[in-house]
Amino acid sequence: MKKIVFLFIGLVFFACNEKKQETKPDATQMQTVMAIHDEVMPKMGKLGRLVGQLKEKVDTTAQGMVYQEAMKDLQKANMAMMDWMKGFGDRFDSDEILNGKELSPQKQEWLNEEEVKVKELKEQINSSIARAETLLEQE
């Protein structure tokens, strides 16, 4: 009977520790999310310049329409970045982002979602820039 009681107490203690650990922020994950943001944020200026270059070439010809589509992709990527930053800022405060403040289980779920979103955002930005640069180099 003593063994069962000790086993039960041990399991309860272990379960409490596990739950407590789950609510601690994954500083590495937050750093990863922020590193991806920091990698693509400087590209926003380039994105804007490319929009300007493509805008000059948009017309009613078939090639002009290709330029217009590439320009729209860049504009969508820009809007996606702005939307992501606003949404991320609404979900997390600066202590959580910069200082590793403990996250609630709900916020940890959000961080998981935000990591996926920022990776998709990076791909959207990089691919729209690559497409625009390729089009402009073909002249």
Side-chain angles (χ1 to χ4, degrees):
M1 184 66 166
K2 279 186 179 182
K3 286 182 183 181
I4 293 174
V5 171
F6 283 118
L7 180 61
F8 179 75
I9 292 172
L11 286 174
V12 169
F13 179 76
F14 179 75
C16 288
N17 275 347
E18 282 295 306
K19 201 167 218 171
K20 196 174 200 179
Q21 289 174 353
E22 288 174 10
T23 61
K24 287 185 180 178
D26 184 346
T28 304
Q29 185 179 17
M30 183 65 80
Q31 290 169 351
T32 299
V33 169
M34 293 313 299
I36 294 169
H37 164 270
D38 293 348
E39 176 186 338
V40 294
M41 189 63 195
K43 295 179 181 182
M44 301 311 288
K46 181 180 206 175
L47 197 145
R49 285 189 299 279
L50 289 169
V51 166
Q53 291 173 8
L54 289 169
K55 193 172 195 172
E56 295 172 3
K57 301 183 179 305
V58 172
D59 58 29
T60 58
T61 66
Q63 186 60 37
M65 300 307 265
V66 172
Y67 289 130
Q68 184 174 18
E69 280 303 309
M71 185 180 76
K72 284 182 181 179
D73 286 348
L74 291 166
Q75 291 169 328
K76 286 178 189 175
N78 182 61
M79 184 58 71
M81 176 60 128
M82 298 304 122
D83 291 345
W84 180 83
M85 289 190 307
K86 180 177 180 344
F88 190 81
D90 288 346
R91 285 183 156 186
F92 302 97
D93 63 40
S94 60
D95 278 345
E96 293 164 337
I97 296 169
L98 302 173
N99 300 327
K101 179 181 167 188
E102 187 171 325
L103 300 179
S104 68
Q106 175 65 56
K107 287 196 174 194
Q108 183 59 53
E109 285 181 35
W110 288 348
L111 185 58
N112 294 340
E113 293 171 9
E114 295 300 330
E115 184 176 13
V116 171
K117 288 179 189 177
V118 78
K119 286 177 180 177
E120 291 170 352
L121 177 63
K122 175 184 172 180
E123 177 58 33
Q124 182 181 10
I125 290 169
N126 288 337
S127 65
S128 66
I129 288 173
R131 178 179 179 198
E133 288 177 334
T134 299
L135 276 173
L136 292 169
E137 289 170 3
Q138 291 175 354
E139 298 175 345

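Predicted model only: the values in this text are computed from it and were never measured. Count residues from 1 along the sequence.
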Please step through side chain to side chain contact (heavy atoms under 4.5 Å, CB included) for the pair Asp93 and Glu96, ending with a clear verdict.
-> CA-CA 5 Å; Asp93 63 40; Glu96 293 164 337; 3.4 Å; yes
N/O donor to acceptor pairs below 3.5 angstrom from side-chain atoms of residues 55-72, sequence neighbours left out:
| from | atom 1 | to | atom 2 | distance (Å) |
| --- | --- | --- | --- | --- |
| Lys57 | NZ | Glu139 | OE1 | 3.3 |
| Lys57 | NZ | Glu139 | OE2 | 2.7 |
| Asp59 | OD1 | Thr61 | N | 2.9 |
| Asp59 | OD1 | Thr61 | OG1 | 2.5 |
| Thr61 | OG1 | Gly64 | N | 3.0 |

Under the ring-ring contact (aromatic ring centres under 6.0 Å, His included) rule, what pairs show up with a residue in residues 116-139, not counting sequence neighbours?
-> none
Pairs involving residues 90-139, ordered by first then second residue, that meet ring-ring contact (aromatic ring centres under 6.0 Å, His included) (sequence neighbours left out) | Phe88-Phe92
Residues passing the salt bridge (Lys or Arg N to Asp or Glu O under 4.0 Å) test with Asp90, sequence neighbours excluded, are Lys86
Residues passing the salt bridge (Lys or Arg N to Asp or Glu O under 4.0 Å) test with Glu109, sequence neighbours excluded, are none
Asn99: what forms a side chain to side chain contact (heavy atoms under 4.5 Å, CB included) with it, not counting sequence neighbours?
-> Asp95
Let me check something: any side-chain donor-acceptor pairs from residues 120-133 under 3.5 Å, sequence neighbours excluded? List them with distances.
| from | atom 1 | to | atom 2 | distance (Å) |
| --- | --- | --- | --- | --- |
| Lys122 | NZ | Glu39 | OE1 | 3.3 |
| Lys122 | NZ | Glu39 | OE2 | 3.2 |
| Asn126 | OD1 | Lys43 | NZ | 2.7 |
| Asn126 | ND2 | Lys122 | O | 3.4 |
| Ser127 | OG | Glu123 | O | 2.9 |
| Ser127 | OG | Gln124 | O | 3.3 |
| Ser128 | OG | Gln124 | O | 3.1 |
| Ser128 | OG | Ile125 | O | 3.0 |
| Arg131 | NH1 | Asp73 | OD2 | 2.4 |
| Glu133 | OE2 | Lys46 | NZ | 2.7 |

Report all side-chain donor-acceptor pairs from residues 76-85 shorter than 3.5 Å, counting only partners two or more places apart or in another chain.
| from | atom 1 | to | atom 2 | distance (Å) |
| --- | --- | --- | --- | --- |
| Trp84 | NE1 | Glu114 | OE1 | 2.8 |

CG/Leu111 to CE/Met30 distance, rounded to the nearest 0.5 angstrom?
-> 4.5 Å
Rounding to 0.5 Å, atoms CD (Gln31) and CD (Gln29) come to a distance of 11.0 Å
